[in-house]
*Asks:* 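Dropping a structure here in structure tokens format, bear with me for questions.
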Protein chains: 4
Amino acid sequence: MAGVNKVIIVGNLGNDPEIRTMQNGEAVANISVATSESWTDKNTNERREITEWHRIVFYRRQAEIVGEYLRKGSKVYVEGRLRTRKWQDQSGQDRYTTEIIGDVMQMLDSRAERTANNYQANNYSNTGSYNTQVNPNPTPSYNNQPKPAPKMEQSEPAIFDVDDDIPF
Amino acid sequence: MAGVNKVIIVGNLGNDPEIRTMQNGEAVANISVATSESWTDKNTNERREITEWHRIVFYRRQAEIVGEYLRKGSKVYVEGRLRTRKWQDQSGQDRYTTEIIGDVMQMLDSRAERTANNYQANNYSNTGSYNTQVNPNPTPSYNNQPKPAPKMEQSEPAIFDVDDDIPF
Amino acid sequence: MAGVNKVIIVGNLGNDPEIRTMQNGEAVANISVATSESWTDKNTNERREITEWHRIVFYRRQAEIVGEYLRKGSKVYVEGRLRTRKWQDQSGQDRYTTEIIGDVMQMLDSRAERTANNYQANNYSNTGSYNTQVNPNPTPSYNNQPKPAPKMEQSEPAIFDVDDDIPF
Amino acid sequence: MAGVNKVIIVGNLGNDPEIRTMQNGEAVANISVATSESWTDKNTNERREITEWHRIVFYRRQAEIVGEYLRKGSKVYVEGRLRTRKWQDQSGQDRYTTEIIGDVMQMLDSRAERTANNYQANNYSNTGSYNTQVNPNPTPSYNNQPKPAPKMEQSEPAIFDVDDDIPF
DNA sequence: TTTT
DNA sequence: TTTT
């Protein structure tokens, strides 16, 4: 085998996460993260900016964490890999979508900001709230999928006190 | 503004580079680079592998270097950033293509391999050789595009001897 | 020549930045950034954590920005490269120090947090404020040092309004 | 907790790997990898180059692979994290050494080069050959160490044919 | 479409 | 100490 396929994104979510549950009961989270570049136009001497939107998908326990703690506006660090999926549109034509499969996720907002954002999200929207219908039993048919390497960053933390029970 | 948009790819070219020249005379190079993941299927205990193809574009001096030194099969390290372009297909429908804008490129083949590959390319194909033809249909005012930051890795080397005049 | 030497750090400053000025009048900033790993001890089933401190140095305009906007506790993204310096201790023995030369810096605190931190820093400490004093004992001919590639992220932004004149 | 501590190195080994076995029977490999930067001195207009040496350590199965397949001159991609160790020199003084703990390793030499290098190594040196004195029994006291995350890249491949039983 |  |  061979190769390195690595993406590092730091940016803000454009929307609340979209959480789904797979047939086997495992969670999937999709987030859309913006990064932007800015530069000075040499001709007009004007300042310009371009925003790039990244579609990122998380699976399983990470998807649950994403659904529970990230909201529109949250700042995140994501490390992952590129995957281009082929699909058919309504007219049967082949289409391709490139997304980032998230392997590592770090929230970059302060706890104060997280609390503020969660509060807001819990009151004014519920699309991002973690879907607790997730099957408590695991991994039946999923096994013939590539298994993303478990990462230390994603392991379950010890619970020291009630207020501290968040996984990052 | 803010954000990090970074991609690191190490893999092999599936084809010779495609070189074009923009209206303003600057070169553009497109390469297609494969990476692959492999894992053991937990159900069948069989070894499986999936290949991902990355479309990477280089501009200007780097595009020239790519056209001159890379060939089908070449192994490269690329550091760049993601860009999703919107375009219209023949039926006028919006389509999106995600590619990597290359900022840093490192050839990973030994000099022996490079020489061998170039020899073969020069004799049996010319699709990868740098095409000095001016593209009649290009991107108009290129100057109002973000100018990729010059990188030390891409600077012109001193010329010590005639045989050694390659830029990496 | 060849090779990739890249470091990516996301963490918090353990102290206000230390700012110096070189003989040629250019600024140098040193910061100390913490990252930590945590894991569960398999034997005792206890939660453990280890903190790693990274010494990072910035030059020129970036050093000025670091001195002006970062404070103890600030969260930053840094991209840079490793450099091990050799020096002699008081007994004349060779010693080595590895540090990260910062090429890209992104503040990760929200504007609110930055304002709060700056306010606090300006009132209760001045060790982090940019020191315009010229260092009497510096690095001589700086120009024969490798010039870190200019990065788009570090370029001067357009000024849209008075309140907005910060370089990130 | 939090933070990102990531290093990416692509370079060549300056020496054969040094392989040791820990008390618990697990392998440890140390390699020294060179990267270099080059630039043109603005004053003298001369070409200059500086080489940086990176000390990288691998554990367990990866250490075995390093010992078996890497040699002086081998080109590698390494992804890891920084760790600064404190130790006492002969005079009892505190000293610090920064090294990279390798998490991902990819050989970048072609199979032809690897075979050539191994051949040479097997005939003219044995310092780098994998030390088979490794304890066949595993992990007793090591468990209170941070467990580097298992990576897909390092998993055991299926064996398709006898000649092909190498783990990359 | 590459490589192993 | 490697590579180019």
Side-chain angles (χ1 to χ4, degrees), chain A residues 1-5 84, chain B residues 9-18 30-38 47-56 69-76 78 106-115 117 125 127-128 153 157-161 163-168, chain C residues 1-5 84, chain D residues 9-18 30-38 47-56 69-76 78 106-115 117 125 127-128 153 157-161 163-168:
Chain A
M1 195 277 252
V4 174
N5 172 3
T84 297
Chain B
I9 300 291
V10 175
N12 299 283
L13 276 71
N15 285 298
D16 285 350
E18 297 159 23
N30 278 280
I31 61 174
S32 188
V33 175
T35 60
S36 62
E37 282 183 77
S38 54
R47 196 71 189 158
R48 298 193 51 182
E49 181 177 280
I50 190 168
T51 295
E52 188 70 37
W53 288 97
H54 308 274
R55 179 177 177 79
I56 308 177
Y69 295 101
L70 297 185
R71 291 291 174 271
K72 177 176 177 172
S74 296
K75 189 185 287 282
V76 282
V78 176
Q106 286 263 328
M107 281 212 56
L108 297 175
D109 295 314
S110 66
R111 174 167 300 208
E113 290 172 305
R114 275 205 297 274
T115 304
N117 291 339
S125 104
T127 59
E153 290 85 346
I159 301 175
F160 293 116
D161 63 73
D163 291 337
D164 229 329
D165 184 16
I166 55 167
F168 41 78
Chain C
M1 195 274 239
V4 174
N5 172 3
T84 297
Chain D
I9 300 291
V10 175
N12 299 283
L13 275 72
N15 285 297
D16 286 350
E18 297 158 23
N30 278 280
I31 60 175
S32 189
V33 175
T35 60
S36 62
E37 281 183 79
S38 54
R47 195 73 189 157
R48 298 193 51 181
E49 182 177 280
I50 191 169
T51 295
E52 190 70 38
W53 287 98
H54 307 274
R55 180 176 176 81
I56 308 176
Y69 295 101
L70 296 184
R71 289 292 173 270
K72 176 177 179 171
S74 297
K75 189 185 288 282
V76 281
V78 175
Q106 286 262 327
M107 280 211 58
L108 297 175
D109 295 314
S110 65
R111 174 167 300 210
E113 290 173 305
R114 277 205 296 272
T115 305
N117 291 339
S125 106
T127 61
E153 290 85 346
I159 300 177
F160 293 115
D161 62 74
D163 291 336
D164 228 330
D165 185 15
I166 56 169
F168 41 79

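Chain A is the first sequence line, chain B the second, and so forth, proteins listed ahead of strands; every chain is numbered from 1.
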*Asks:* Grab the NZ-P distance between B/K75 and E/dT1 for me, whole Å please.
*Replies:*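 Interatomic distance, NZ of B/K75 to P of E/dT1: 20 Å.
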
*Asks:* What about D/S32, does its side chain sit under 3.5 Å from the base of F/dT1 through a donor-acceptor pair?
*Replies:*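 Present.
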
*Asks:* If you measure only the distance, is there a donor-acceptor pair under 3.5 Å linking the side chains of B/H54 and B/S32?
*Replies:*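 Side-chain D/A pair, B/H54 to B/S32: absent.
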
*Asks:* Which one, E/dT1, E/dT4, F/dT2, comes nearest to the side chain of B/K72?
*Replies:*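 Within the option list, the nearest is E/dT1.
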
*Asks:* Restricting to side chain to side chain donor-acceptor pair (under 3.5 Å), what partner residues turn up for B/T51, sequence neighbours left out?
*Replies:*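 Applying side chain to side chain donor-acceptor pair (under 3.5 Å) to B/T51 gives none.
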
*Asks:* Classify the side chain of B/T51 versus the base of E/dT2 as yes if they form a donor-acceptor pair under 3.5 Å and no if they do not.
*Replies:*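 Result: at least one qualifying N/O pair found.
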
*Asks:* Once you round it to whole Å, what is the distance between P of E/dT3 and CG of B/D109?
*Replies:*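 Answer to the nearest Å: 10 Å.
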
*Asks:* Does B/N12 have any side-chain contact (heavy atoms from CB on, under 4.5 Å) partners at least two apart in sequence or in another chain, and if so, which?
*Replies:*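 With sequence neighbours excluded, B/N12 shows a side-chain contact (heavy atoms from CB on, under 4.5 Å) to B/K75, given in chain and number order.
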
*Asks:* Would you state whether a donor and an acceptor, one from the side chain of B/N12 and one from the base of E/dT3, lie under 3.5 Å apart?
*Replies:*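 No such pair is found, so the answer is no.
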
*Asks:* What is the separation between atom CG on B/L108 and atom C1' on F/dT2, rounded to the nearest whole Å?
*Replies:*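 Interatomic distance, CG of B/L108 to C1' of F/dT2: 15 Å.
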
*Asks:* Does the side-chain ring of B/W53 lie flat on the base of E/dT2, meaning centres under 5.5 Å and planes less than 30 degrees apart?
*Replies:*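 Check failed, B/W53 does not stack on base of E/dT2.
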
*Asks:* Roughly, in whole Å, what's the span from CG in D/L13 to P in F/dT4?
*Replies:*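 Between P of F/dT4 and CG of D/L13: 14 Å.
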
*Asks:* Whole angstroms only, please: what is the CD1-C1' distance between D/I9 and F/dT2?
*Replies:*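 Going from D/I9 (CD1) to F/dT2 (C1'), I get 13 Å.
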
*Asks:* Under 3.5 Å, is there a donor-acceptor pair between the side chain of B/Q106 and the main chain of C/V4?
*Replies:*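 No; judged by distance alone, with no hydrogens or angles, the pair does not exist.
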
*Asks:* Take the protein atom OH of B/Y69 and the nucleotide atom C1' of F/dT4, then report the distance between them rounded to whole Å.
*Replies:*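 It works out to 12 Å between those atoms.
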
*Asks:* In whole Å, what is the span from the CE atom of D/M107 to the C1' atom of F/dT2?
*Replies:*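 Rounded to the whole Å, the gap is 14 Å.
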
*Asks:* Nearest whole Å is fine: how far is F/dT2 P from D/E49 CD?
*Replies:*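 So the CD-P distance, D/E49 to F/dT2, works out to 13 Å.
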
